[in-house]
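We use all heavy atoms of the structure for the numbers below, so side chains are in, but hydrogens, waters and symmetry mates are not. The structure presented is a predicted model; accordingly, all values stated were derived computationally and were not measured. The chain is numbered in sequence order, starting from 1.
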Amino acid sequence: MTRSSFRVAVRLGTGAARRGRWRSVLVMILIALPVMAMAGAVTLLATVTPTPERTATARMGVADLIVMPNGDGSQAALEALLPAGSRVEPLAQASDSFTAAGARYGAVAFSTNIDGLAKGIFTPLSGRTPQSAGEIAVSPDVLALTGVSIGDAMTLADMGKVTVVGTVENPMNLRMRVVLVDAGLATSMGGPSGTSYLVSLPPAATAADFPPAIDVDFAAARLVGPGGDQATQPSYEATTRAYAGQPSDTQISVIFILGGLALVEAALIASAAFAVSIRRRQRELGLLGAVGGEPRHLATTVLAEAVVLGMAGAIIGVVVAIVVVVANGPFLDRLVDRRNPPVVVSPAWLLISGAIGVGAALIAAALPARTASRVPILAAISGRRPSTAPAVRTLRLGLLTIGAALVITLVGTGIQFRAFDGTPGLGIGLLLLGA
């Protein structure tokens with residue numbers, strides 16, 4: 001088909017869509033709704049899913065390593081195992097509780113320097129950080145439950161009476177009742193075996209910079225004292241930023257699979273709408289064939305109508321999805337209980353959502369387009385209904401299609417379960433094709 005004939009087909013398809021306005025509106029709605037669900041879901045998921053760097057910061061601040069002692073490993077023993085110029089700061093965590101309005105509430109007490117290597121684990125909101133054993137900073141929920149303000153005293157079950165000097169929050173868990181104490185209490189709070197250590201390594205440090213007796217692979221490292229005997233020497237489990245910030249498995253593949261299934265169901269209804277359009281355009285198609293139009297030209301006019309309606313429905317779905325997600329952006333923090341960045345719009349995922357919608361429209365118009373191309377010209381011009389294919393042939397074709405779809409779905413499922421092999425996109429495509 002030449003470019004000029006293709007343009008004619010597009011104009012004819014667009015004209016048919018305009019003449020059957022309500023039918024076209026139905027097809028666009030059928031396409032737009034699943035596309036809107038897919039585009040909105042992937043946009044929402046991309047917004048609320050923490051990046052690997054943010055995940056690592058929530059666990060270890062700006063440190064290069066977070067180290068857990070095995071047994072009674074002290075800070076001094078750890079520093080002896082690290083390259084010269086390394087910086088070590090303790091991080092301790094313990095459970096505590098307080099009483100408010102006759103009820104007891106649990107809290108999590110932390111001792112670390114949030115202005116040092118632990119920067120980013122907590123966000124200061126007001127006041128200042130604790131500077132002595134009798135001072136604490138708490139999360140806003142603690143103040144709301146107890147009714148105290150900055151500068152007032154409150155009583156904790158383990159720490160006793162302390163003074164609130166500021167407020168902080170855990171940006172990755174807004175509901176956590178945080179009690180931040182002076183960083184100098186880390187060792188006494190956690191003890192030798194209950195205190196973690198944040199480590200900042202010298203620039204460009206590698207495993208070769210560690211003492212030879214140390215077993216370290218810079219992924220999930222194990223640091224062992226001189227001689228390498230864990231039974232007699234202090235040992236530590238160290239985690240790097242890259243390991244701590246490994247991305248979690250998102251459900252984008254599930255979103256596209258469910259959206260694709262919804263579009264397949266919508267395509268069944270849209271196919272009936274295209275069949276009605278073919279019936280009403282039968283004389284027009286007959287005249288087009290009478291002036292020299294080939295069967296593929298007739299089919300192309302029907303598919304062009306499907307592309308026009310599919311693109312319109314996909315655009316509407318994507319635009320409405322973005323508007324809805326942006327409108328609900330201010331409520332996302334409380335919805336997922338963590339601070340989120342501005343709405344993250346991924347053009348690639350939105351394009352895929354729209355492409356699936358256009359593909360569903362083409363699938364819906366495929367059989368009507370084939371029917372239109374096979375109608376005899378005289379029958380089309382006279383307006384007579386063409387004869388149908390034998391039922392046995394249609395049954396055989398249906399059974400063959402079901403068998404092929406079952407095989408494709410099983411193969412796609414197997415590939416998707418092994419998504420770690422680097423081909424998850426192939427699994428999604430096969431699942432959609434099998435549906």
- request: For side-chain contact (heavy atoms from CB on, under 4.5 Å), just list the numbers for Thr239 and Leu65, CA-CA rounded to whole Å, side-chain angles, deciding distance to a tenth of an Å, and then say yes or no.
  value: CA-CA 5 Å; Thr239 304; Leu65 300 173; over 6 Å; no
task: Please determine which of Leu45, Val325, Thr47 meets the side chain to side chain contact (heavy atoms under 4.5 Å, CB included) test together with Val344.
output: Thr47
- request: Output every pair passing side-chain hydrogen bond (donor to acceptor under 3.5 Å, both in side chains) with a member in residues 168-183, not counting sequence neighbours, ordered by first then second residue.
  value: Glu169-Arg339, Arg175-Asp337
- prompt: So which heavy atom on Arg104 is nearest to which on Ala157, and how close?
  reply: NH1-CB, 3.7 Å
message: Quick check: do Ile121 and Ile114 have side-chain heavy atoms less than 4.5 Å from each other?
response: no
field: Worked check of side-chain contact (heavy atoms from CB on, under 4.5 Å) between Phe98 and Met154
entry: CA-CA 8 Å; Phe98 60 91; Met154 65 174 292; 4.0 Å; yes
task: Please name the residue in the list Val168, Leu156, Leu180 that meets the side chain to side chain contact (heavy atoms under 4.5 Å, CB included) test with Ile136.
output: Leu156
query: Roughly how far, to the nearest 0.5 Å, is CD of Glu89 from OG1 of Thr112?
result: 6.5 Å
task: Could I get the full list of side chain to side chain contact (heavy atoms under 4.5 Å, CB included) partners for Pro202, not counting sequence neighbours?
output: Pro83, Ser86, Ala205
message: Quick check against the 3.5 Å criterion: does Asp64 have a side-chain atom that pairs as donor or acceptor with the backbone of Ser200?
response: no
message: Main chain of Gly106, side chain of Ser97: is a donor-acceptor contact present, judged purely on distance under 3.5 Å?
response: no
message: How close do Pro130 and Ala137 get, counting heavy atoms only, and between which atoms?
response: CG-N, 3.6 Å
message: Within the 4.5 Å heavy-atom criterion, are Pro140 and Leu125 side-chain neighbours or not?
response: yes
message: What's the separation between atom CD1 in Ile66 and atom CG in Leu198, rounded to the nearest 0.5 Å?
response: 5.5 Å
message: I need the Arg338 CZ to Leu174 CG distance, nearest 0.5 Å.
response: 9.5 Å
task: Identify the heavy atoms of Thr195 and Pro90 that sit nearest to each other, and give their distance.
output: CG2-CB, 3.8 Å
- line: Those residues at least two apart in sequence (or on a different chain) that pass side chain to side chain donor-acceptor pair (under 3.5 Å) with Thr167 are Ser126
- request: Could you go through the side-chain contact (heavy atoms from CB on, under 4.5 Å) check for Val88 and Leu82 one step at a time?
  value: CA-CA 9 Å; Val88 180; Leu82 298 173; 3.5 Å; yes
query: What closest approach, in Å, do Val138 and Leu143 show between heavy atoms, and which atom pair accounts for it?
result: CG2-CD2, 3.7 Å
query: Minimum heavy-atom separation for Ala321 to Gly40, with atom names?
result: CB-N, 3.4 Å
message: Quick check: do Leu362 and Leu303 have side-chain heavy atoms less than 4.5 Å from each other?
response: yes
query: So how far is it from Ser353 OG to Met36 CE, rounded to the nearest 0.5 Å?
result: 12.0 Å
query: Could you give the distance from CG (Leu91) to CG (Asn113), rounded to the nearest 0.5 Å?
result: 11.0 Å
- prompt: Taking side chain as C-beta onward, heavy atoms only, is Thr57 less than 4.5 Å from Glu53?
  reply: yes
Validation row: Leu350, Thr43 side chains within 4.5 angstrom (heavy atoms): yes
- request: Apply side-chain contact (heavy atoms from CB on, under 4.5 Å) to Val179 and Phe110, showing your working.
  value: CA-CA 6 Å; Val179 176; Phe110 293 89; over 6 Å; no
field: Met176 atom CE: more than 12 heavy-atom contacts under 6.0 Å
entry: yes
message: Distance check, rounded to the nearest 0.5 Å: Leu309 atom CG versus Ile31 atom CD1?
response: 8.5 Å
